[in-house]
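Chain identifiers are assigned alphabetically (A, B, ...) following the order of the sequence lines, protein sequences preceding nucleic acid strands; residue numbering begins at 1 within each chain. Every heavy atom of this structure was used, including side-chain atoms; hydrogens, water molecules and symmetry mates were not. Just so we're clear, the structure is a prediction, and the values are computed from it rather than from any experiment.
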There are 2 protein chains.
Amino acid sequence: MTRRSTLGARNRGIPEATVARLPVYLRALHTLAERDIVTVSSEELAAAAGVNSAKLRKDLSHLGSYGTRGVGYEVQYLVYQISRELGLTQDWSVAIVGLGNLGRALAGYGGFASRGFRMAALLDADPVIVGERINGLTVEHIDKLEQIIADCAISIAVLAVPASAAQPVCDRVVSSGVTSILNFAPVVLAVPEGVDVRKVDLSIELQILAFHEQRKAGGPAGVEQEYLEAVDGS
Amino acid sequence: MTRRSTLGARNRGIPEATVARLPVYLRALHTLAERDIVTVSSEELAAAAGVNSAKLRKDLSHLGSYGTRGVGYEVQYLVYQISRELGLTQDWSVAIVGLGNLGRALAGYGGFASRGFRMAALLDADPVIVGERINGLTVEHIDKLEQIIADCAISIAVLAVPASAAQPVCDRVVSSGVTSILNFAPVVLAVPEGVDVRKVDLSIELQILAFHEQRKAGGPAGVEQEYLEAVDGS
DNA sequence: CGTTGTGAAGAGGTTCACAGCA
DNA sequence: TGCTGTGAACCTCTTCACAACG
């Protein structure tokens with residue numbers, strides 16, 4: 001039941017929280033590289049990434065000792081090491097399923113095709129949308145899903161389908177061999193062991209913000225009512 | 001420097017991890033309510049929300065004792081309590097800044113206007129886009145940002161602007177009094193103490209998936225090279 | 001009885017503070 | 001000297017296991 005893999009000589013157990021921050025560091029490093037900055041200290045890089053320097057150093061220490069004491073980190077070298085660790089030195093083929101408003105926006109998003117990701121296929125069930133060309137790709141009918149996933153060697157599926165379609169579509173991409181899913185539909189997907197799902201949910205984010213907003217304003221509505229009841233001795 | 005507020009009689013210190021899950025529970029409860037289910041056990045609700053039952057019970061216990069031992073939770077009552085805690089029993093006015101592909105998709109997204117959120121304003125800098133009607137609202141020029149935020153009592157700003165515009169726009173909404181921001185631009189926003197920012201970043205999500213995908217395939221590229229170097233005695 | 005609510009133990013993540021090294 | 005890398009302390013979150021209770 002343990003997930004620790006023990007593959008390779010180096011410790012492969014990078015904490016999940018660290019993995020989630022590596023892309024942020026990578027982006028900050030790319031910005032520095034564009035400005036021809038050669039070396040960066042943990043303090044500077046941490047500031048650019050919005051974390052504190054101790055956390056940054058501990059995160060990087062999980063990848064190895066890629067810094068120089070008294071100096072800092074070489075930007076280009078660190079870019080390479082983080083990229084390699086994240087698996088961005090190889091190409092991943094991505095399919096978008098569902099080309100409504102959101103799917104189109106994702107398909108058109110430039111940063112999407114950032115290093116390492118290749119948008120390989122667009123799929124939809126609506127005959128009106130099928131055949132349309134979006135960002136240089138033709139939208140295929142979802143009936144061809146299994147075949148296209150195999151032919152294009154899709155490894156990541158992005159689901160931008162309606163909530164009701166999400167689980168069935170998920171089941172199909174999983175049984176076609178996809179083991180990484182980015183889900184924009186507002187449902188909790190059930191997947192077999194070994195399949196990774198990440199969820200992006202606008203409405204959940206708003207609700208979390210509302211909670212904090214309310215707290216800043218002095219706690220939940222109904223508190224006064226409860227207070228009155230308590231005073232009343234009920 | 002402590003953030004504990006000690007307002008009100010009940011313990012207001014709900015763990016952040018719990019807050020992030022309450023919207024998921026709420027959605028599951030709404031689904032149950034639609035099917036006219038009156039009572040639910042922690043086991044059932046947990047399954048619907050994709051968590052284990054101990055975690056669900058602990059989460060709910062932070063809100064109060066709203067269950068009945070031997071029976072479970074009353075669906076409608078729990079919906080109300082969670083909604084109240086999240087601040088969804090009042091209305092929050094939301095503004096979307098930036099109406100490119102993504103901004104339009106967000107403006108058109110139905111679930112966006114889910115209970116508690118009112119899309120109150122759309123803003124863009126592009127004169128071609130300004131004046132356009134999207135989902136019943138007219139896009140206003142960003143020059144009117146300060147005025148509109150005040151007039152519409154905007155409490156949450158959604159930023160769907162290009163990366164280069166994100167920080168300046170953020171500064172403007174913050175100085176207009178907004179203290180909750182949902183950021184879709186791929187930058188780390190700097191904000192004053194007391195302002196909450198949540199980030200949605202497609203490319204980061206893909207990179208995290210790539211990391212796990214690579215691990216399933218047997219670890220990072222370059223491991224063999226390192227291995228050879230080690231054998232070589234370098 | 002069956003299920004909640006919760007202390008206690010455990011796991012994971014963050015921060016501190018400084019030894020170790022270029 | 002200045003910055004990295006890291007043990008140790010601390011904190012947060014999760015899970016267990018069971019007492020409490022309708």
Next on the checklist: Under 4.0 Å from OP1 or OP2 of D:dT15: is there any side-chain N or O of B:N52 that close?
Outcome noted: yes
Checklist entry - For A:H62 and C:dT14, what is the distance between atoms NE2 and C1' respectively, to the nearest whole Å? => result 11 Å
All N/O contacts under 3.5 Å from nucleotides 2-6 of chain D to the protein, with atom names and distances to one decimal?
from  : atom 1 : to    : atom 2 : distance (Å)
D:dC3 : O4'    : A:G70 : N      : 3.1
D:dC3 : O2     : A:G70 : N      : 3.4
D:dT4 : OP1    : A:S42 : N      : 2.6
D:dT4 : OP2    : A:S42 : OG     : 2.6
D:dT4 : O2     : A:R69 : NH1    : 3.1
D:dG5 : OP1    : A:Y66 : N      : 3.4
D:dG5 : OP1    : A:G67 : N      : 3.0
D:dG5 : OP2    : A:Y73 : OH     : 2.7
D:dG5 : O4'    : A:R69 : NH2    : 3.3
D:dG5 : N7     : A:R57 : NE     : 2.8
D:dG5 : O6     : A:R57 : NE     : 3.4
D:dG5 : O6     : A:R57 : NH2    : 3.0

Item to check | Check: B:I14 and A:F211 side chains under 4.5 Å, non-hydrogen atoms | outcome: yes
Checklist entry - Yes or no on side chain to side chain contact (heavy atoms under 4.5 Å, CB included) for A:V188 and A:K199, after CA distance, side-chain angles and deciding distance? => result CA-CA 8 Å; A:V188 176; A:K199 194 168 85 169; 4.3 Å; yes
Checklist entry - From B:W92 CH2 over to B:L86 CG, what is the distance, rounded to the nearest 0.5 angstrom? => result 11.0 Å
Checklist outcome for this item: The reported gap from CG in A:L106 to CG in B:L102 (rounded to nearest 0.5 angstrom) is 7.5 Å
Checklist outcome for this item: Whole-Å distance, A:E16 CD to C:dG13 C1', equals 12 Å
Checklist entry - Given atom CD of B:E44 and atom P of C:dT3, what is their separation to the nearest angstrom? => result 8 Å
Item to check | Between C:dG12 (P) and A:I14 (CD1): distance, integer Å | outcome: 15 Å
Checklist entry - Whole Å only: how far is the CD atom of B:E74 from the P atom of C:dT4? => result 14 Å
Checklist entry - How about B:Y73 and B:Y66: are their ring centres within less than 6.0 Å of each other? => result no
Checklist outcome for this item: In B:T18, B:L45, B:V24, the residue satisfying side chain to side chain contact (heavy atoms under 4.5 Å, CB included) with B:L56 is B:L45
Next on the checklist: Taking only side-chain N and O atoms of B:K55, does any of them lie within less than 4.0 angstrom of OP1 or OP2 on D:dT15?
Outcome noted: yes
Next on the checklist: What is the separation between atom CZ on A:R21 and atom P on C:dG12, rounded to the nearest whole Å?
Outcome noted: 15 Å
